[in-house]
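The block underneath contains the structure these notes are about, expressed in structure tokens.
Naming convention: chains lettered A, B, ... in sequence-line order (proteins, then strands); numbering from 1 in each chain. Every heavy atom of this structure was used, including side-chain atoms; hydrogens, water molecules and symmetry mates were not.
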Number of protein chains: 2
Amino acid sequence: MEKVSKETCKKRLKGIDDALYAIGGKWKLKIIIALIEGYTRFNEMQRTIGISAKMLSLELKELELNGFLTREVHPGPPVVVEYKVTEYSDSLQEVLQVLSNWGEKHREKIRQERSGK
Amino acid sequence: MEKVSKETCKKRLKGIDDALYAIGGKWKLKIIIALIEGYTRFNEMQRTIGISAKMLSLELKELELNGFLTREVHPGPPVVVEYKVTEYSDSLQEVLQVLSNWGEKHREKIRQERSGK
DNA sequence: CCGTATCCGACACGATACTG
DNA sequence: CAGTATCGTGTCGGATACGG
């Protein structure tokens, strides 16, 4: 012990790799949060997340392809487009929770360090 | 209910934002894993993670500045440089575990979908 | 062994304008 | 409202070479 465990290390690295491939980047997790919290419309999400239309459009397509959400077009008029999370996105709830909590605590730590100077 | 809860949404978005700022990107989590698993040397980590010397050097500096690791130089000869995780990095254990597990399951899901065609 | 320096391409991302 | 098109910029990150 004390020394490197190559197997578990490789396994964890691989897992992180796969996760980042699917949900890495600046926007994907945020979009999924917005969807989970109930946002369904394009412009609504754009404002909430603070993302450009271009990026949102691109990311939504990727997320749909990967099974995280569905895109429904309700013929109008007015035509309405709704984005909804799939059940599969629920598997991310724990990830979201843990990561968001950590980020919150981390921010708090940074804040204290700066005021402590 | 059913409708958007703006408060919790904003809070989660902010948390994710802070987290990604500190540990986002392609390499930081992987480096921390390698350190936690016991790797301490530069070249060792480089090979294990599959990262270029340039990026590893850059990321190590950032991680040190943010309190995730320490850099120890043991005068030689031969001179030995060791990188070690700080206690604070332990706060990431849960994040790492959850994310890595999710990634593993996700990969498995993708694999099955492809073979199922 | 532990890096730094330099060059370079790819692309992530933003801003803006425009369309049905 | 829900996007697409275009343009421009910065950063990411690999390859290579080099130095203590």
In whole angstroms, the gap separating C1' of D:dA2 from OH of A:Tyr39 amounts to 18 Å
Are any of B:Tyr83's side-chain N or O atoms less than 4.0 Å away from OP1 or OP2 of C:dG3?
-> yes
Check whether any side-chain nitrogen or oxygen of B:Ser52 sits under 4.0 Å from OP1 or OP2 of D:dG14, and answer yes or no.
-> yes
Would you mind reporting whether B:Val80 and B:Arg41 have side-chain heavy atoms less than 4.5 Å apart?
-> yes
Would one find a side-chain N or O of B:Arg41 under 4.0 angstrom from OP1 or OP2 of C:dC1?
-> no
Does the distance from a Lys or Arg side-chain N to an Asp or Glu carboxylate O, for B:Asp18 and A:Lys105, drop under 4.0 Å?
-> no
In whole angstroms, the gap separating C1' of D:dT4 from CG of A:Asn43 amounts to 14 Å
B:Gln97/A:Arg12 under side-chain hydrogen bond (donor to acceptor under 3.5 Å, both in side chains): CA gap, chis, key distance, verdict | CA-CA 8 Å; B:Gln97 195 60 45; A:Arg12 293 186 98 181; 3.2 Å; yes
Interatomic distance, B:Ile51 CD1 vs D:dA15 P [rounded to whole Å] = 13 Å
Find the distance B:Ile31:CD1 to D:dC12:C1' and express it as a whole number of Å.
-> 14 Å
Just checking A:Lys26: base, sugar-phosphate only, or nothing, at a heavy-atom cut-off of under 4.0 Å?
-> sugar-phosphate
Atom pair distance, as rounded to whole Å: CD in B:Gln46 and C1' in D:dT16 | 13 Å
A:Arg47 vs D:dA2: side-chain N/O to OP1/OP2 distance below 4.0 Å | no
Let me know the distance between CG of A:Leu58 and P of C:dA12, rounded to the nearest Å.
-> 9 Å
Can A:Lys28 and A:Glu59 be counted as an ion pair, charged N to O under 4.0 angstrom?
-> yes
Taking CG from B:Leu20 and P from D:dC12, how many angstroms apart are they, rounded to a whole number?
-> 14 Å
May I ask you to verify whether the side chain of A:Lys54 and the base of D:dG3 hold a donor-acceptor pair under 3.5 Å?
-> no
Whole-Å gap separating C1' (D:dT11) and CE (B:Met55) = 9 Å
Should the pair A:Phe68 and B:His106 be assigned to parallel (<30°), tilted (30 to 60°) or perpendicular (>60°) ring geometry?
-> parallel
